[in-house]
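Worksheet: the structure to be examined is printed underneath.
All values reported here derive from a predicted model rather than from experimental measurement. Values below: every heavy atom of this structure, side chains too, minus hydrogens, waters and symmetry copies. We number each residue from 1, following the sequence as shown. In each ligand, atom 1 is the first atom listed, and ligand 1 is the first ligand listed.
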Amino acid sequence: MAGKWVRPLGLLAGKSAAAAVAAGRARWLAGGPLAFTATDPADAAVPETYTASRRPWAGFALDRPILMGIVNVTPDSFSDGGEFVDSEAAIRHARRLLDEGADIIDVGGESTRPGSAPTPPEEEARRVLPVVRALAEAGVVVSIDTRRASVMEAALAAGARIVNDVTGLEGDPASLAVVAAAKAPVVLMHMRGDPATMQSLAVYEDVVTEVADWLEARIAACAAAGIPRERIVIDPGIGFAKTGAHNLEILARLAVFHGLGCAILIGASRKSFIGRLARAETPKERLPGSLAAALAALGQGAHILRVHDVAATRQAVAVWRSILDAG
Ligand code: HH2
């Protein structure tokens with residue numbers, strides 16, 4: 001590991017984790033249920049951010065994996081563009097994801113797939129607001145997936161409880177103030193450039209530490225704007241200004257990001273690196289690979305999964321967690 005970041009290694013779970021922690025041979029990873037027995041570098045001092053329990057976020061205790069179901073109210077999203085572009089279809093889809101076990105519904109009105117053109121904010125708001133309002137009125141925990149402060153503000157006023165920004169509240173200079181004023185929980189995702197340019201900016205010496213450095217700077221910008229760390233979830237941004245190899249390195253060394261002291265969200269669902277690894281050309285063929293990525297992320301202590309396929313993910317997570325608890 002380069003620089004100040006530490007990689008927790010030798011992860012244990014279940015009873016073996018508790019026994020090793022009690023015997024002083026392991027430390028809890030972000031409060032558990034995983035624990036780590038070693039670090040890279042081997043003699044690193046481990047800051048408390050790696051070990052401390054995460055505070056509840058958006059009303060969730062974070063003691064079990066949280067599922068965020070995706071509802072794209074867009075004509076052009078990479079995996080489901082055009083399917084839920086009218087409000088009624090989007091609301092129906094959200095209800096189905098809730099029945100399947102989604103904890104949060106993430107509503108987006110702009111595709112951010114590589115190469116996509118920006119959507120005017122007025123059009124984005126027109127797409128998402130009726131969906132946000134209907135779901136919020138029914139008591140659903142809605143997150144608004146947007147990089148525009150005006151859309152955040154309108155969606156929060158319509159009842160959205162969480163802001164999910166693929167630009168880490170950097171893309172619009174007014175976003176920090178909107179989120180701070182609303183006291184809203186927020187997901188800060190890493191990317192570079194914008195969807196049109198990001199894949200040409202996927203150049204890193206060490207993707208994990210550079211993404212962690214950037215997220216740390218965004219957490220500091222949030223603190224300066226009055227958004228405390230316990231209101232923040234971080235996301236390294238799978239597929240955003242990353243090559244397939246970068247995505248794999250991030251997932252392989254995900255535990256490093258616990259050093260930021262926030263819960264971790266991962267969105268790998270149906271993304272193109274899965275297609276390239278396993279020759280699954282269309283996004284809907286990528287469910288098995290998406291489940292493998294989701295479980296790998298949970299195995300490094302991720303807290304929240306952003307997914308298209310809620311029922312299948314819920315089943316995979318239930319089996320994973322039951323095995324872990326038995327151990
Ligand atoms: N990925 C997408 C959109 N928003 N937000 C977070 N926090 N993390 C992600 O990985 C993430 C995200 C892209 O996926 P999708 O919404 O399915 O497609 P599109 O951007 O084409 O609408």
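Proximity of Thr112 to ligand 1, defined as any heavy-atom pair under 4.0 Å, is shared by backbone and side chain alike. At a heavy-atom cutoff of 4.0 Å, ligand 1 is contacted by the side chain of Val166 but not by its backbone. Counting heavy atoms closer than 4.0 Å to ligand 1, residue Lys271 contributes side-chain atoms (C-beta onward) but none from N, CA, C or O. When heavy-atom distances to ligand 1 are checked against a 4.0 Å cut-off, Met189 comes that close only through its side chain, counted from C-beta outward.
Ligand 1 is never approached by Thr74 to a heavy-atom distance shorter than 4.0 Å.
Nearest to atom 18 (O) of ligand 1 among the protein's heavy atoms is Phe78 CD2, 3.2 Å. Remark: minimum distance from atom 4 (N) of ligand 1 to any protein heavy atom is reached at Asp145 OD2, 2.9 Å. With respect to atom 8 (N) of ligand 1, the closest heavy atom belonging to the protein is Asp235 OD2, 2.6 Å. Annotation: atom 21 (O) of ligand 1 to nearest protein heavy atom, Ser111 OG, 2.8 Å. Here the heavy atom of the protein found nearest to atom 5 (N) of ligand 1 is Asn164 ND2, 3.2 Å. Atom 17 (O) of ligand 1 has as its closest protein heavy atom His308 NE2, 2.9 Å. Given atom 22 (O) of ligand 1, the protein heavy atom at minimum distance is Ser77 OG, 2.5 Å.
Atom numbering of ligand 1 starts at 1 in the shown order; those under 4.0 Å from a heavy atom of Val187 are 7 (N). Which parts of ligand 1 touch Arg113 is read off a 4.0 Å heavy-atom cut-off, strictly below it: atoms 20 (O), 21 (O).
Of the charged side-chain nitrogens involved, at least one lies within less than 4.0 Å of a carboxylate oxygen, so that Glu123 and Arg127 count as a salt-bridged pair. Contact check on Arg218 versus Asp165 returns no salt bridge, with no Lys/Arg side-chain nitrogen under 4.0 Å from an Asp/Glu carboxylate oxygen.
Any N or O atom pair closer than 3.5 Å counts here, and Asp106 shares no such pair with ligand 1. In terms of polar-atom proximity, Ile70 is not counted as a contact of ligand 1, lacking any N or O under 3.5 Å from an N or O of the ligand. Not a single N or O atom of Asp76, backbone or side chain, sits closer than 3.5 Å to an N or O atom of ligand 1. The N/O atoms of Ser79, backbone and side chain alike, include none that comes under 3.5 Å of an N/O atom in ligand 1.
Among Ser77, Ser290, Ser79, the one residue that satisfies the side-chain hydrogen bond (donor to acceptor under 3.5 Å, both in side chains) test with His308 is Ser79. When each of Thr313, Asp145, Asp235 is paired with Arg306, the side-chain hydrogen bond (donor to acceptor under 3.5 Å, both in side chains) condition holds for Asp145 and for no other. Partner of Asp309 under the side-chain hydrogen bond (donor to acceptor under 3.5 Å, both in side chains) criterion, out of Arg270, Lys284, Arg314: Arg270 alone.
The closest donor-acceptor contact from the side chain of Lys242 to the backbone of Pro236 lies under 3.5 Å. Between the Glu230 side chain and the Trp57 main chain, no donor and acceptor come within less than 3.5 Å of each other. Formation of a donor-acceptor pair under 3.5 Å by the Glu110 side chain with backbone atoms of Thr146 is not found in this model.
When the shell of 6.0 Å around CZ of Arg321 is examined, it contains more than 12 heavy atoms from other residues, nucleotides or ligands.
For atom 16 (O) of ligand 1, the nearest non-hydrogen atom from the set His190, Met191, Arg306 belongs to Arg306.
At a cut-off of 3.5 Å, with distance as the only test, a side-chain donor of Arg113 or Ser111 sits close to an acceptor on the other residue.
In the hydrophobic cluster analysis, where Ile, Leu, Val, Met, Phe, Trp and Tyr join through side-chain heavy atoms closer than 4.5 angstrom, Ile274 is grouped apart from Leu287.
The aromatic rings of His190 and Tyr204 are tilted relative to each other, their planes meeting at an angle between 30° and 60°.
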